[in-house]
Peer 1: 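Got a structure for you, written out below as structure tokens; questions coming shortly.
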Amino acid sequence: KQLLYIAASSRKLDDPISLLIISSSSAGKSYLVDTVKRLMPEEDILVVTFLSDQTLNYIPERGLMHKFLILGEAVHSDIIEHQIRDMLSDHRLSRIVTVKDEKSGKMVAETLTTECIVALVMSSTKHDINPENASRCFVINADETPQQTKKIHQLQRTKYSLARYYEQKHTIPQIIKKHKAAQRLLRNILIVNPFSKYLDFPIQLIRTRRDHNRFMDLIACTCFVRQYQKEVKTKVDEVTGESVEYIECDLVDYEIAYNI
């Protein structure tokens, strides 16, 4: 829950984080995503339930900029899988189309590029996910233990109760309203990690080159969500005289990211 909330919040950053949720049917993948989605401002959410091969290429300009993109079940073609990799790595989608030259009247090839910065979440019941895509996301699983099922059953038994009615009518709307207001106050500010040089990370597997970078992003995204608990600092560039505002990661950010 913490990781998904931080990921959704990171949509405002220039290098957000993304998630892939793999679990059995009825494990609660969609419920988890829908719950976090309700806490985000509507204008920052893009939900796609079905994708044709060219859908992403024809989303309006800035339609994929700083969005919380929910793709649902990750059952897509190889073309879409490649587009997802481009979005997460290069933050752009490119396609070559044939157009008529206005001067000569001849058909010519033209490259069109769509900028896209998204915090992406996908879910799937299949474990044989494209490793190229999986290595660009945090891969997580829903809790499928009997203990969790028991908790779910206990909550479901309150469905037709007055307490649940008042919770749905009053408590939950206030929680949602507060989160949306807080989300709209978040601003894309420069993040500095002063203790990053002291960190260590496993080096045995080559995929840790991406895992390590993603861990650094998670610390920064945690710092971003906690920005109003921090001092905004200013640094003046000695060469250009430009003034830059920034916030710094602290050990609380690291502890949250490490525990996740």
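Sequence positions, counted from 1, serve as the residue numbers for this chain. Keep in mind that the numbers below use all heavy atoms, side chains included, and drop hydrogens, waters and symmetry copies. Values in this document were obtained by computation on a predicted structure and should not be read as measured data.
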Peer 1: Taking the side chain from Thr98 and the backbone from Met107, do they hold a donor-acceptor pair closer than 3.5 Å?
Peer 2: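 Judged by distance alone, no pair lies under 3.5 Å.
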Peer 1: Determine, for Asp250 against Lys230, whether the closest basic-nitrogen to carboxylate-oxygen distance falls under 4.0 angstrom.
Peer 2: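 Answer for the salt bridge query: yes.
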Peer 1: Looking at His91 and Met87, would you say the former's side chain and the latter's main chain have a donor-acceptor pair under 3.5 Å?
Peer 2: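 Between the backbone of Met87 and the side chain of His91 there is a qualifying donor-acceptor contact (under 3.5 Å).
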Peer 1: Answer yes or no: are there more than 12 heavy-atom neighbours, outside Ile206 itself, under 6.0 Å from its atom CD1?
Peer 2: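 Open: at most 12 neighbouring heavy atoms sit under 6.0 Å from CD1 of Ile206.
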Peer 1: Under a 4.0 Å N-O cut-off, is there an ion pair linking Arg214 with Asp211?
Peer 2: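 A salt bridge is present here (some side-chain N lies under 4.0 Å from a carboxylate O).
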Peer 1: Can Thr114 and Arg92 be counted as having a side-chain donor-acceptor contact under 3.5 angstrom?
Peer 2: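 Checked: Thr114/Arg92 side chains show no N/O donor-acceptor pair below 3.5 Å.
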Peer 1: Just wondering, do Val244 and Asp237 contact through their side chains at under 4.5 Å, heavy atoms?
Peer 2: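 Counting from C-beta outward, Asp237 and Val244 never come under 4.5 Å.
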Peer 1: Begin from the C-alpha positions of Glu167 and Lys159 and carry the test salt bridge (Lys or Arg N to Asp or Glu O under 4.0 Å) through to its verdict.
Peer 2: CA-CA 11 Å; Glu167 184 181 65; Lys159 183 176 182 179; over 6 Å; no
Peer 1: Under 6.0 Å from the CZ atom of Arg164, do we count more than 12 heavy atoms belonging to anything else shown?
Peer 2: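 Correct, the count exceeds 12.
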Peer 1: Counting neighbours of CD1 on Ile203 that are heavy atoms of other residues, nucleotides or ligands and sit closer than 6.0 Å, is the number greater than 12?
Peer 2: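 No, not enclosed.
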Peer 1: Tell me the ring pair (Phe, Tyr, Trp, His ring centres under 6.0 Å) pairs involving residues 4-41, sequence neighbours left out?
Peer 2: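 Those involving residues 4-41 are Tyr5-His179.
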Peer 1: Between Glu115 and Arg62, is the closest basic N to carboxylate O distance under 4.0 Å?
Peer 2: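 Result for this pair is no, no salt bridge flagged.
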Peer 1: Going by the rule side chain to side chain contact (heavy atoms under 4.5 Å, CB included), which residues pair with Arg187 if we only count those two or more places apart in sequence or in a different chain?
Peer 2: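 Partners of Arg187 by the side chain to side chain contact (heavy atoms under 4.5 Å, CB included) criterion, ordered by chain and then number, come out as Ile189, Gln227, Val232, Glu245.
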Peer 1: Which residues pass the side chain to side chain contact (heavy atoms under 4.5 Å, CB included) test with Thr222, sequence neighbours left out?
Peer 2: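 In terms of side chain to side chain contact (heavy atoms under 4.5 Å, CB included), with neighbours along the sequence ignored, Thr222 is linked to Ile6, Leu218, Arg226, Asp253, Ile256, Ala257.
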Peer 1: Please say whether more than 12 non-hydrogen atoms of neighbouring residues, nucleotides or ligands are located less than 6.0 Å from CD in Glu238.
Peer 2: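 12 or below, so no.
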